[in-house]
Undergrad: 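Sharing a structure below in structure tokens format, with a few things to ask.
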Amino acid sequence: MGAGPACGDGRTPHALSEMTTGAWASRGEVRLLEQAVQRVVSEWIAAEGWQDVSEIVVERPADHSHGDYATPVCLQLAKSARRAPRVLAEELRGRLLADAEISELVETVDVAGPGFVNLTMSAPALSGAVRAMLAAGEDVGRGVRERPLHVLLEYVSVNPNGPLHVGHARYAAYGNTLSRIMAFSGHKVSTEFYINDYGRQMEMFGRSVAARYAQALGLDLPVPEDGYQGEYVKSIAAAVITEIGDSMLEELRIGGLEDADSTAIGFFRVRGYELVLEQMGADLESFGVGFDRWFSETPLHAEGRVQETIDKLLASGDAYARDDAVWLRTTPFGDDKDRVLIRSNERPTYFAADIAYHLDKLERGFDHLINIWGADHHGYVPRMKAAVEILSHDPEMLEIIIGQMVNLLEEGELRQMSTRRGEMVTLAELVDAVGVDAARFFLVMRSHDQTLDLDLALARRQSAENPVYYVQYAHARIAGILRNLPAEQAAWLSDEGGLVPAAAEGLFELTYERELIKSLAWFPQLVIEAADRRAPHRVVGYAQELAGLFHVFYKNCRVIGVEPVVSRSRVGLCLASQRVLARCLDLLGVSAPESM
RNA sequence: GCGCCUGUAGCUCAGUCGGAUAGAGCGUUGGUCUACGAAACCAAAGGUCACAGGUUCGAAUCCUGUCAGGCGCGCCA
């Protein structure tokens, strides 16, 4: 796969959706029942000569009375086999029970409903799963890819002309969490912030800083009509004054703000954006978001690389001149119209620089490029994908993830944000209000293509009831339990391998234990799904489910003061639960407290 | 007008690429700490999955149309 014609459904790039398994599973410590069932079914289909089904579904039924695993495959096969689903299900049941591998892992195999085959795990399968998790240690759930990809993930990427607001915070949290998940799932991920430090918006920003600088020194230069009115610009101007005093004032008095190429305006633009960028880096860092590289747009222009890229496109015939401008031929690749690279005033467009940037990415040899953009840029997607396809000849090389917006509410009232008017709630303010953990958890809790309502007043007031604490509490609770184990029991922890026997009387026979183990055993697959579907919010949902199952288990199952074998195995279950919870929180960039 | 995203409980949202009786949190009501952490647990109430057709053994999920909301449709970035 990978080299053939595009066959993706547009939601998952086919290059990334190859079959994979968690490390501890693929090492053979646990033979996943699911895979064994799939094997038996496909052998059966081949033997009978039936038409293959697209995927042999083996799922965890929502209803526990339907067993631990279930497959509806007989319903799908009925037509091709020309036999009643329940008859097929009975035959499959026999085949499953006759299989050496499955019979060991399975307690019961039942035919139910219109033709489902339901399986329940055997005690050895349950204890084997826990033993394998403990053996994997901190790496439990880490994925191994048959073909790991080196992915470049670009996100946040804004004009450095103002503080990051909560909309940016969402993309920062999403992108950072995604990078952690993809890396943990077995890919190699590099992250990058593209600094849009060039162009008209930045010139306007430079003028705005200059105006505030002049004003602070008693020269009445008004901030331009389309300039940046926010208070933070005054702070920047003040910072500049402490650095250079009034040494730029005279030049502003003479030259004013009009000439963008003047040394004064240029100075304020550059110094202003450096200060903003510094703050951005600090804010992101304290938010748990770091980048492998910060890539500045300006050198692409200064070093002539934008022009080189355009020349290359002209030479290949993908670009052409018309109406005093230069255009890129993007329509053959699904765009509505061709796009301008060089304006009739001879200045290159933002798009032209972005192409040069993406050419740079391609030349660095990544297998796959991912950009995360806000919904307000989605109209830009077809031209960018067209450009990368022209450069790479691979329509799937670039994947653009569109994140929907954040609606900021205050007591249910919508608050509009505008960087230019300086009306916004910043990332830093959000973190001050609710803390990093709650902010990150909340921002990735929902699917990225759902607009997110964030009520600041509510978030502030309910901070003690935030769902993040539910998960953190489960982790802290386990830590507390293990910390307070009596000496004899505490000694068990030094021999994790000996905690859970392969089989014993009373071992994991309660529903609470079984449900918890099943959920834990699902984790490696959850990681793969969250990574391949670019869906960090699944990790949140999973962590909540797991925490809930642990709380119920703990409420109903004594860990200490029961049969030694049962007691030891439950300590093992606590330990495995704690590790998986800690890993989930780590993937989300949320702390896993030992106590709270 | 065209394109993208969305429409599921009072509110905010999940829903394992088409599976069995649609779930969670918050909110509401009522229970549970003289054995390991009550930031927890248990129970109750609450649904025309926007609407109408279609595809099939089976649809919240896929297709078509309608309605509603958000975003976009520059030689701005």
Undergrad: Using a heavy-atom cut-off of under 4.0 Å over every strand shown, decide if A78(A) touches base, sugar-phosphate, or nothing.
TA: nothing
Undergrad: Using OP1 and OP2 only, check whether a side-chain N or O of N484(A) sits under 4.0 Å from rG37(B).
TA: yes
Undergrad: Using 4.0 Å as the upper bound for N to carboxylate O, is an ion pair formed by E545(A) and R60(A)?
TA: yes
Undergrad: Taking the same atom, P, in rU29(B) and in rG23(B), what whole-Å distance lies between them?
TA: 25 Å
Undergrad: Rounded to whole Å, please give me the gap between CG in L546(A) and C1' in rA40(B).
TA: 15 Å
Undergrad: If you only use heavy atoms from C-beta on, which nucleotide in rC75(B), rA77(B), rC17(B) is closest to the side chain of R533(A)?
TA: rC17(B)
Undergrad: With a 3.5 Å limit on both atom pairs, tell me what rC17(B) is paired to, counting Watson-Crick and G-U wobble, or say none.
TA: none
Undergrad: So, OP1 or OP2 of rC76(B): does either fall under 4.0 Å of a side-chain N or O from R347(A)?
TA: no
Undergrad: Please name the pair of heavy atoms, one in F351(A) and one in V340(A), separated by the smallest distance, quoted to 0.1 Å.
TA: CD2-O, 4.0 Å
Undergrad: Report the residue (S447(A) or R383(A)) whose heavy-atom-nearest nucleotide on RNA chain B is the more 5′ of the two.
TA: S447(A)
Undergrad: Can you tell me, in whole Å, how much space there is between the C1' of rG7(B) and that of rA52(B)?
TA: 16 Å
Undergrad: Both distances under 3.5 Å, Watson-Crick or G-U wobble: report the partner of rA38(B), or none.
TA: none
Undergrad: Is a donor-acceptor contact shorter than 3.5 angstrom present between the side chain of D376(A) and the base of rA77(B)?
TA: no
Undergrad: Base, sugar-phosphate alone, or nothing: which one does G480(A) contact when heavy atoms must sit under 4.0 Å apart?
TA: base
Undergrad: Please determine, for the side chain of N196(A), which listed nucleotide (rC57(B), rA77(B), rG15(B)) has the closest atom?
TA: rA77(B)
Undergrad: How would you label the contact of N118(A) with the nucleic acid (heavy atoms, under 4.0 Å): base, sugar-phosphate, or nothing?
TA: base
Undergrad: Would you measure the distance from the C1' atom in rG15(B) across to the matching atom in rC75(B) and give it in whole Å?
TA: 46 Å
Undergrad: At under 4.0 Å between heavy atoms, what does R483(A) touch on the DNA or RNA strands: base, sugar-phosphate, or nothing?
TA: base
Undergrad: Given the C1' atoms of rU6(B) and rU12(B), what is the spacing between them in whole Å?
TA: 15 Å
Undergrad: So does Y470(A) get a side-chain nitrogen or oxygen closer than 4.0 Å to the phosphate oxygens (OP1/OP2) of rC41(B)?
TA: yes
Undergrad: Within the pair H551(A) and rA38(B), is there a side-chain N or O less than 4.0 Å away from OP1 or OP2?
TA: no
Undergrad: Checking all strands, does C557(A) fall into the base, sugar-phosphate, or nothing category for heavy-atom contacts under 4.0 angstrom?
TA: base
Undergrad: May I ask you to decide whether R568(A) forms a salt bridge with E563(A), counting only side-chain N to carboxylate O separations under 4.0 Å?
TA: no
Undergrad: Which atoms form the tightest heavy-atom contact between R83(A) and W50(A), and what is the distance?
TA: NH1-CZ2, 3.9 Å
Undergrad: Base, sugar-phosphate, or nothing for M445(A), non-hydrogen atoms under 4.0 angstrom?
TA: nothing
Undergrad: When we call it a touch if two heavy atoms are under 4.0 Å apart, what does T451(A) touch: a base, just sugar-phosphate, or nothing?
TA: sugar-phosphate
Undergrad: Y155(A) and F193(A): aromatic ring centres closer than 6.0 Å?
TA: no
Undergrad: According to a cutoff of under 5.5 Å between the ring centres and under 30° between the ring planes, does H66(A) stack with the base of rA20(B)?
TA: yes
Undergrad: If you only use heavy atoms from C-beta on, which nucleotide in rA77(B), rA39(B), rG19(B) is closest to the side chain of E59(A)?
TA: rG19(B)
Undergrad: Could you give the distance separating rA9(B) and rU56(B) at their C1' atoms, to the nearest angstrom?
TA: 30 Å
Undergrad: In whole angstrom, give me the gap between the P atoms of rG46(B) and rG10(B).
TA: 11 Å
Undergrad: Please determine if a side-chain N or O atom of K337(A) lies less than 4.0 Å away from the OP1 or OP2 oxygen of rC75(B).
TA: yes
Undergrad: Under 4.0 Å between a side-chain N/O of K79(A) and OP1 or OP2 of rU56(B), yes or no?
TA: no
Undergrad: Kindly give the heavy-atom pair with the smallest separation between L408(A) and L456(A), and that separation in Å.
TA: CD1-CG, 4.2 Å
Undergrad: So what does A479(A) hit on the nucleic acid, given a heavy-atom distance under 4.0 Å: a base, only sugar-phosphate, or nothing?
TA: nothing
Undergrad: Can we call the ring centroids of Y473(A) and Y470(A) under 6.0 Å apart?
TA: no
Undergrad: Side chain of Y473(A): nearest nucleotide among rC75(B), rC71(B), rG37(B)?
TA: rG37(B)
Undergrad: Of all the nucleotides listed (rC71(B), rU12(B), rU16(B)), which has the minimum atom distance to the side chain of M405(A)?
TA: rC71(B)
Undergrad: Whole-Å distance between rU6(B) C1' and H378(A) NE2?
TA: 13 Å
Undergrad: What I want to check is whether an N or O donor and acceptor connect the side chain of R538(A) with the base of rU16(B) at under 3.5 Å.
TA: no
Undergrad: Could you please name the option among rA38(B), rC5(B), rC75(B) that lies closest to any side-chain atom of Q404(A)?
TA: rC5(B)
Undergrad: What is the pairing partner of rA43(B), taking Watson-Crick or G-U wobble pairs with both distances under 3.5 Å in any strand?
TA: rU29(B)
Undergrad: Taking the six-membered ring for Trp, is the centroid-to-centroid distance between Y357(A) and Y194(A) below 6.0 Å?
TA: yes
Undergrad: Assign D323(A) to base, sugar-phosphate, or nothing according to its heavy-atom contacts below 4.0 angstrom with the strands shown.
TA: base
Undergrad: From rG37(B), rU16(B), rA38(B), pick the nucleotide closest to the side chain of K555(A)?
TA: rA38(B)
Undergrad: Could you please name the option among rA77(B), rA40(B), rU16(B) that lies closest to any side-chain atom of A62(A)?
TA: rU16(B)
Undergrad: Between atom CD1 in I400(A) and atom C1' in rG3(B), what is the gap in whole Å?
TA: 15 Å
Undergrad: Among the candidates rG19(B), rG7(B), rA77(B), find the nucleotide nearest to the side-chain atoms of P72(A).
TA: rG19(B)
Undergrad: Applying a 4.0 Å non-hydrogen cut-off, can you work out what E594(A) is touching in the nucleic acid: base, sugar-phosphate, or nothing?
TA: base
Undergrad: Does the ring of F116(A) meet both stacking tests against the six-membered base ring of rA20(B): centre distance under 5.5 Å and plane angle under 30°?
TA: yes
Undergrad: Charged N to carboxylate O under 4.0 angstrom, E513(A) versus R570(A)?
TA: yes
Undergrad: Only pairs with both distances under 3.5 Å count, Watson-Crick or wobble alike; so what is the partner of rC75(B) in this structure?
TA: none
Undergrad: Which part of the nucleic acid does V559(A) contact within heavy-atom distance under 4.0 Å: base, sugar-phosphate only, or nothing?
TA: base
Undergrad: Tell whether T349(A) reaches the base of rC75(B) with its side chain through a donor-acceptor pair below 3.5 angstrom.
TA: no
Undergrad: Contact class for A474(A) (heavy atom, under 4.0 Å): base, sugar-phosphate, or nothing?
TA: nothing
Undergrad: Using only modelled atom types and a 3.5 angstrom limit, is any donor from either the side chain of R200(A) or the base of rA77(B) paired with an acceptor on the other?
TA: no
Undergrad: Syn or anti for rC36(B), please, going by whether the chi angle lies within 90° of 0.
TA: anti
Undergrad: Side chain of R343(A), heavy atoms from C-beta onward: which of rA38(B), rC71(B), rA77(B) has the nearest atom to it?
TA: rA77(B)
Undergrad: Taking the nucleotide of RNA chain B with the closest heavy atom to each, which residue, Q76(A) or Y198(A), is nearer the 5' end?
TA: Q76(A)
Undergrad: Could you please name the partner base of rG65(B), counting Watson-Crick and G-U wobble pairs only when both distances are under 3.5 Å?
TA: rC51(B)
Undergrad: Decide yes or no on ring pair (Phe, Tyr, Trp, His ring centres under 6.0 Å) for F550(A) and F553(A), but give the supporting numbers first.
TA: CA-CA 5 Å; F550(A) 180 79; F553(A) 155 79; 5.7 Å; yes
Undergrad: Identify whether any heavy atom of H377(A) sits under 4.0 Å from a base atom; if not, whether one sits that close to sugar-phosphate; answer base, sugar-phosphate or nothing.
TA: base
Undergrad: Distance between the C1' atoms of rU8(B) and rC49(B), in whole angstroms?
TA: 4 Å
